[in-house]
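Counting starts at 1 for both ligands and their atoms, following the listed order.
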Amino acid sequence: MAINEKTATEPPNKTFDTILVLDFGSQYSHLITRRLRELNVYSELLPCTAKVLELSWKPKGIILSGGPYAIYEKGAPTVDPAVFELDVPILGICYGLQAIAWHFAGNVVAGEKREYGHAKLDVKQHEGVAVHVDRLFSGLGSELEVWMSHGDKLSHLPQSFLTIATTFNAPFAGIAHETKPYFGIQFHPEVTHTPRGTELLRNFAVNICEARQHWTMDEFVGKEIARIRDLVGKKGQVIGAVSGGVDSTVAAKITHEAIGDRFHAVLVNNGLLRHNEVEEVQKTLTESLGIQLTVVDASQRFLDQLIGVVDPEQKRKIIGRNFIEVFQETAKKMEEEAKNSSKAGDIEWLLQGTLYPDVIESIAFRGPSQTIKTHHNVGGLPAVMGLKLIEPLRECFKDEVRELGMKLGIPENLVWRHPFPGPGLGVRVIGEVTESQLRIVRQADKIFLDAIQNAGLYTSISQAFAAILGGVRAVGVVGDQRSYEQCIVLRAVVSKDFMTAEAYCFPMDFVRDVATTICNEVRGVSRVFYDATSKPPGTIELE
Ligand SMILES: Nc1ncnc2c1ncn2[C@@H]1O[C@H](COP(=O)(O)OP(=O)(O)OP(=O)(O)O)[C@@H](O)[C@H]1O
Ligand SMILES: O=c1[nH]c(=O)c2[nH+]cn([C@@H]3O[C@H](COP(=O)(O)O)[C@@H](O)[C@H]3O)c2[nH]1
Ligand SMILES: NC(=O)CC[C@H](N)C(=O)O
Ligand SMILES: [Mg+2]
C-alpha cells in the first residue's frame with residue numbers, strides 16, 4: 001500500500017479534527033465515539049470531570065453523554081462551565097441535555113412516567129426565525145423514529161433556548177440555543193434503534209462543528225509509523241509480545257515498518273496453545289509479514305506450576321506471573337546475545353496491542369468495572385521491567401484494527417482470526433490442567449473449528465472453541481462396551497465488542513455431526529454438549 005507518511009509525531013487528537021465526548025456514565029457513551037469514527041470523524045472519550053481548558057489540544061465540538069444520575073439530586077455530576085468557554089458547538093444527549101438545561105437554569109424534574117423504548121419524534125422547524133437551530137435535524141424530515149431511555153425531563157425551557165423537537169411524552173425532546181451552537185436531545189442517536197441517529201451525529205460533527213472526515217486508516221498508519229520512529233529514536237530497541245492474534249500482529253507490523261530489525265517479536269509457548277499454533281504463527285509472521293519471530297518454549301514451566309491447581313483465578317494469576325518472568329528473562333537474554341554485534345543496545349521499549357476499549361474501560365466516568373476475571377495482562381510488564389510502552393492501537397477499535405490489517409497486507413485469515421485469550425487452553429480445561437486433558441481439548445477444538453471452516457461459517461461467528469469439563473464423566477456405549485469418559489463443551493458466540501454475546505444458532509444436524517466426530521475420533525470423550533448461554537449472564541470463556 002502507499003503509506004501517506006507525514007512527519008507528524010503527535011497523538012491523533014492533535015493531528016485529526018476531534019470531537020470530544022464527555023462521559024456522564026451512560027452504558028452507551030463509547031457508542032457515540034464509535035458512530036463518529038464510522039463517519040471518519042476522529043473522536044475521543046474523557047470523563048465528565050476532565051478539565052477541558054487544560055487539554056493540550058482543542059476539540060472541534062463537544063458531546064455530553066447520557067448518564068444514570070438525576071441532575072437535581074445531591075452529588076449528581078454537572079457540566080463544567082469551562083466547556084462553554086471553549087467556544088465550540090455542544091450537543092447534550094439525554095442526561096447531557098438535562099445537564100445543559102441545568103447549567104442555563106432550566107428546570108429538570110422527575111417525569112410521571114419513565115420513557116423507555118421507541119418513540120415518534122416531531123421535528124420543529126424555525127425557518128426565518130433562527131435558521132441555525134434547524135441544522136441538527138437538517139435533511140431528516142419532520143418525523144423520526146427515536147429511542148428513549150429516561151425518567152427525568154425538562155419542565156420548562158432554559159432562557160434563550162428554543163424547542164426543536166417533541167415527543168408525546170417529552171415536550172422538550174430537542175432544544176437549541178437561539179444564537180449559540182448549543183443543542184440538547186432527550187433521545188439516543190448513538191444506538192441502532194434510532195435508525196437515522198448517525199445522520200444526526202453527522203449533522204452535528206461535520207456540518208455544525210465543521211470537523212473534517214479525515215480519520216482514515218491510510219492517514220493513521222503513516223502518522224503512527226512516523227510517531228514510533230520519533231519516539232524510539234535512531235538506536236532504540238523494542239521487544240514485542242506477539243500471540244498471533246490480530247491485535248498484536250497489526251501492532252507488530254506497524255512497529256516493524258517503523259524500525260525494522262530493532263523490533264524483536266517474541267511468542268511465548270506456554271504449553272496452552274492450540275493444535276499447530278506455534279508453527280502457524282511462526283509461518284505467518286515470517287513468510288507473509290517478513291517479521292523474525294523468536295519462539296520461547298516455556299511450556300514445561302507453565303505446566304509444572306499448574307499441577308494440582310483447579311481454581312480459575314489462581315490459574316490465571318500463575319499464567320500471568322509466568323508471562324512476566326519469561327519476558328523479563330528473554331529481554332535480558334536478547335541484550336546479552338547482541339552485546340558485541342551491530343544490533344547491540346538496551347531494550348527499553350515494550351510493544352503492546354492495547355485497544356481503545358481497554359483505555360475507555362480505565363478512564364470512563366464510572367471507572368474500571370468490577371473484576372469478573374483477572375485478565376492475563378502484559379500491562380503488568382513495564383512496572384516490573386522498567387520498560388516504556390508502545391501501544392500503536394490504543395486509539396483504535398477492533399474493526400479499525402482489522403481494516404488496518406487489510407491495508408498493511410496482513411493475510412485475510414489472520415485479520416479475521418477469532419480472538420484467543422492469553423491464558424489459552426488453561427482456562428478451557430475446567431479443573432486441573434494436565435497433558436492428557438490438553439490433548440483431548442486440542443483435538444476436539446480442531447474438529448469443531450475445521451467443521452466451522454468447511455461449512456463456511458467462520459466469519460459469521462465471532463469466537464468458537466471447545467472446552468473440557470474436567471472432573472465430570474458420563475456413561476456411554478461404544479461397540480457394545482460400556483464407556484465412562486469425559487465431556488466436551490462446544491461454544492460459539494456472536495459479538496460486536498465481546499462485552500456482550502449471543503450463542504450462535506447452528507443447525508442442529510451440524511452440532512450432531514461434530515459431536516459424532518469428536519466421540520469417534522478423540523479418545524476419552526463420551527459426550528459433547530453445546531453451550532447456549534448468552535453473555536450476560538454467562539461469559540465467553542468458561543473460566
Ligand atoms: N503466547 C503469547 N506470547 C506472547 N505474547 C502473548 C501471548 N499471548 C498473549 N500475548 C500478549 O498479550 C496481548 C493480549 O492478548 P489478546 O489475546 O488480548 O490480544 P491478541 O492476541 O493480540 O489479539 P486477539 O484479541 O485477536 O487474540 C497480546 O496482544 C500479546 O501482546
Ligand atoms: O488476552 C486475554 N486474556 C485473558 O485473560 C482473557 N480472558 C478472556 N479473554 C477474551 O476476552 C473476551 C471476553 O471473554 P470473557 O467473556 O470470558 O471475559 C473473549 O474473547 C475471551 O477469549 C481474554 N483475553
Ligand atoms: N439515559 C439517561 O441519560 C438518563 C438520564 C436521567 N438519569 C433520566 O432518567 O432522565
Ligand atoms: Mg490473543
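Contacts of P68 with ligand 3, taken as heavy-atom pairs under 4.0 Å, involve the backbone alone. Heavy atoms from both the backbone and the side chain of P421 come within less than 4.0 Å of ligand 2. Using a 4.0 Å cut-off between heavy atoms, F24 makes no contact with ligand 3 at all.
Residue contacts with ligand 3 leave out K153, since none of its heavy atoms falls under 4.0 Å from the ligand.
Here is the list of ligand 1 atoms found below 4.0 Å of a heavy atom in F323: 1 (N), 2 (C), 3 (N), 7 (C), 8 (N). Close contacts between ligand 1 and V242 involve ligand atoms 3 (N), 4 (C), 5 (N) [criterion: under 4.0 Å to a heavy atom]. Those atoms of ligand 2 with a heavy atom of F498 less than 4.0 angstrom away are 13 (C), 20 (O). Near H150, meaning under 4.0 Å from one of its heavy atoms, ligand 3 places the atoms 8 (C), 9 (O), 10 (O). Of all atoms in ligand 2, numbered sequentially from 1 with element shown, those under 4.0 Å from a heavy atom of T539 are 15 (P), 16 (O), 17 (O). With ligand atoms numbered from 1 in the order given, ligand 1 contributes 4 (C) to contacts under 4.0 Å with heavy atoms of V266. Heavy-atom contacts of K398 reach the following atoms of ligand 1: 24 (P), 25 (O), 26 (O) (cutoff under 4.0 Å). Of all atoms in ligand 1, listed by their number and element, those nearer than 4.0 Å to a heavy atom of V246 are 23 (O), 26 (O). Taking every non-hydrogen atom of K535 and a distance limit under 4.0 Å, the qualifying atoms of ligand 2 come out as 13 (C), 15 (P), 16 (O), 18 (O).
For ligand 3, the polar-atom distance check finds no N/O of A70 at less than 3.5 Å from any of the ligand's N/O atoms. Considering backbone and side-chain N/O atoms, I540 comes within less than 3.5 Å of an N/O atom of ligand 2. On a distance-only criterion, L273 and ligand 1 share no N/O pair closer than 3.5 Å. Taking distance alone, with nitrogen or oxygen atoms compared against 3.5 Å, Y69 approaches ligand 3 more closely than that limit. On a distance-only criterion, V268 and ligand 1 share at least one N/O pair closer than 3.5 Å. Ligand 1 has a nitrogen or oxygen under 3.5 angstrom from a nitrogen or oxygen of S243. Residue-to-ligand polar distances place S248 within reach of ligand 1: an N/O pair is separated by less than 3.5 Å. By the 3.5 Å distance cut-off applied to N or O atoms, T249 is not counted among the residues near ligand 1. On a distance-only criterion, R316 and ligand 2 share at least one N/O pair closer than 3.5 Å.
Protein heavy atom in closest approach to atom 10 (O) of ligand 3: D152 N, 2.8 Å. Protein heavy atom in closest approach to atom 9 (O) of ligand 3: G151 N, 2.8 Å. Protein heavy atom nearest atom 2 (C) of ligand 3, with residue, atom name and distance: C94 SG, 2.8 Å.
Across all their heavy atoms, F465 and D445 have their closest contact at CA-OD1, 3.3 Å. Between L200 and L136 the shortest heavy-atom distance is CG-O, 3.9 Å.
Of the candidates L303, V427, V441, L272 forms a side-chain contact (heavy atoms from CB on, under 4.5 Å) with just one, namely L303.
For CD of E112, the number of neighbouring non-hydrogen atoms (other residues, nucleotides, ligands) closer than 6.0 Å is 12 at most.
Figure legend: R34 and F397 shown as a cation-pi pair, the cationic atom lying under 6.0 angstrom from the six-membered ring centre and within 45 degrees of its axis.
Evaluated by nearest non-hydrogen atom to atom 17 (O) of ligand 1, the leading choice among F420, F498, W416 is F420. Comparing heavy-atom distances from atom 5 (C) of ligand 3 across G67, G66, A170, S149 singles out G67 as nearest.
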query: What do the steps show when you test E277 against R274 for salt bridge (Lys or Arg N to Asp or Glu O under 4.0 Å), and what is the final call?
result: CA-CA 5 Å; E277 189 141 32; R274 290 166 294 187; 2.8 Å; yes
message: Quick one, L22 with L46, criterion side-chain contact (heavy atoms from CB on, under 4.5 Å). Give me CA distance, side-chain angles, the key distance, then yes/no.
response: CA-CA 5 Å; L22 289 177; L46 288 176; 4.2 Å; yes
Residue pair F529, L490: steps toward the side-chain contact (heavy atoms from CB on, under 4.5 Å) verdict: CA-CA 6 Å; F529 298 100; L490 305 178; over 6 Å; no
